[in-house]
Amino acid sequence: MKIARLLLKQIDHLICTHPLVLGSVTVSVTLINLALDNSNQGGDWLSRTLGHLAAGSMTGSAALLVVLLIILHNKRNNYRSHKPPRNARFLVMLLRPWKDSTAFLGDLEEGFHAIARDADQGLRRAHIWYWKEVLLSLWPILRRLIGRLVRLAALYEAFRRILK
Amino acid sequence: MPTKQENQHHPIDNLGHFEMLSLAAVTTLGEEGAYGLAIYEEIKRLGNRGITSLGSVYTTLERLEKKGMVSSRFADETTDRGGRPRKYFKIEASGARALKNSLRQAETISIALRTAEGLS
């Protein structure tokens with residue numbers, strides 16, 4: 001149990017300190033699929049590549065979901081920190097448009113410190129508030145991303161049927 | 001009594017509920033106090049305690065800025081914000097006009113409902 005917890009913490013640390021890891025998951029899965037692809041199957045090269053890209057993106061999204069769950073799991077032990085959650089901050093920097101993310105992150109930090117100073121359970125409440133704001137703010141972006149992936153998969157399926 | 005010019009509605013003057021609340025919050029806070037977090041708190045105080053977030057406030061204000069209803073400026077960076085500046089918003093003439101029109105519309109609907117249903 002202790003080893004599993006340590007491993008989860010290491011994965012969390014690796015993914016959050018190296019922003020390119022998530023993108024690499026998507027690209028790697030696409031490339032592996034392409035390399036393992038047997039050209040005997042129907043369809044041309046373009047439609048097969050599109051299909052692999054869709055599969056790669058979906059795996060990337062699944063990886064993102066797993067990362068989110070790991071981060072949320074680890075948060076239980078991190079409520080004592082006087083700094084805003086680093087992982088949440090990273091998610092905002094990754095997914096929100098850069099134009100307003102500086103002011104947005106500043107507001108989140110100001111709110112975090114205000115809540116942390118406020119009550120007995122201040123730090124815990126501040127952490128929960130920070131995560132709630134980040135997840136609510138990112139939900140429309142994530143929903144759009146998932147919608148695009150679903151459309152891409154449907155397009156691939158249509159292509160595949162036409163070319164069959 | 002509204003003037004003829006005030007009664008003329010421009011297509012972009014149509015405001016959504018959250019846009020109306022955001023403009024109202026920017027107006028009540030004034031030029032020196034209207035930044036993201038303060039606007040968010042003010043919107044909650046004005047009555048919208050449902051599912052809203054700081055991110056949606058920023059998205060709405062960005063949309064209003066594109067329409068020319070508000071303008072923004074960055075202030076100096078501060079230490080309690082991790083060295084990040086505040087973004088202050090200011091209501092513009094078209095924003096004030098749109099807000100007035102929306103409030104007048106809401107008032108007209110309210111009066112009509114009171115007359116029809118006997119609501120008080």
Side-chain angles (χ1 to χ4, degrees), chain A residues 16-17 64 68 72 78 81-119 122-123 125-147, chain B residues 16-19 21-23 25-26 29-45 48-91:
Chain A
C16 293
T17 46
L64 184 67
L68 274 174
L72 287 175
N78 290 346
S81 169
H82 284 265
K83 285 182 180 174
R86 188 168 49 99
N87 301 321
R89 210 168 50 205
F90 163 69
L91 273 179
V92 173
M93 287 165 79
L94 185 75
L95 293 171
R96 267 194 86 84
W98 177 243
K99 198 182 164 190
D100 66 0
S101 68
T102 316
F104 176 67
L105 282 170
D107 283 340
L108 281 179
E109 193 150 343
E110 192 180 330
F112 175 87
H113 289 306
I115 296 171
R117 275 194 301 265
D118 211 26
L123 268 177
R125 275 186 53 210
H127 275 272
I128 292 170
W129 177 83
Y130 199 101
W131 269 104
K132 188 197 87 182
E133 289 300 330
V134 167
L135 292 178
L136 279 176
S137 302
L138 294 182
W139 172 238
I141 297 167
L142 286 174
R143 201 175 48 191
R144 251 198 323 268
L145 198 73
I146 292 164
Chain B
H17 176 65
F18 201 70
E19 287 179 328
L21 275 171
S22 303
L23 281 179
V26 171
L29 288 167
E31 205 177 322
E32 296 302 314
Y35 69 99
L37 190 63
I39 296 169
Y40 178 43
E41 294 297 329
E42 185 68 5
I43 286 172
K44 284 203 280 188
R45 198 186 65 81
N48 193 327
R49 289 182 176 274
I51 299 172
T52 181
S53 68
L54 188 59
S56 60
V57 172
Y58 268 97
T59 310
T60 307
L61 288 169
E62 199 178 302
R63 192 167 57 239
L64 291 172
E65 199 171 3
K66 274 184 193 158
K67 289 180 183 176
M69 292 185 183
V70 293
S71 57
S72 67
R73 66 179 169 86
F74 281 100
D76 293 335
E77 296 166 3
T78 53
T79 47
D80 64 327
R81 296 169 55 86
R84 295 180 183 88
R86 280 179 177 169
K87 191 178 184 183
Y88 284 95
F89 293 89
K90 181 189 161 196
I91 192 160

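Each chain gets a letter, A, B and so on, in the order the sequences are listed, and its residues count up from 1.
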(message) Would you compute the distance between atom CZ of A/Phe104 and atom OG1 of B/Thr59 and round it to the nearest 0.5 angstrom?
(response) 8.5 Å

(request) Go through the atoms of A/Leu138 and report whether side chain, backbone, both or neither lie under 4.5 Å from a heavy atom of chain B. (result) neither

(request) List the atom of A/Ala103, the atom of B/Phe74, and the distance in Å for their closest heavy-atom pair. (result) CB-CE2, 3.9 Å

(message) Main chain of A/Ser101, side chain of B/Arg84: is a donor-acceptor contact present, judged purely on distance under 3.5 Å?
(response) no

(message) Between the side chains of B/Arg86 and A/Asp107, is the shortest nitrogen-to-carboxylate-oxygen separation below 4.0 Å, so that they form an ion pair?
(response) no

(request) Measure the spacing between CG of B/Leu54 and NZ of A/Lys132 and express it to the nearest 0.5 Å. (result) 10.0 Å

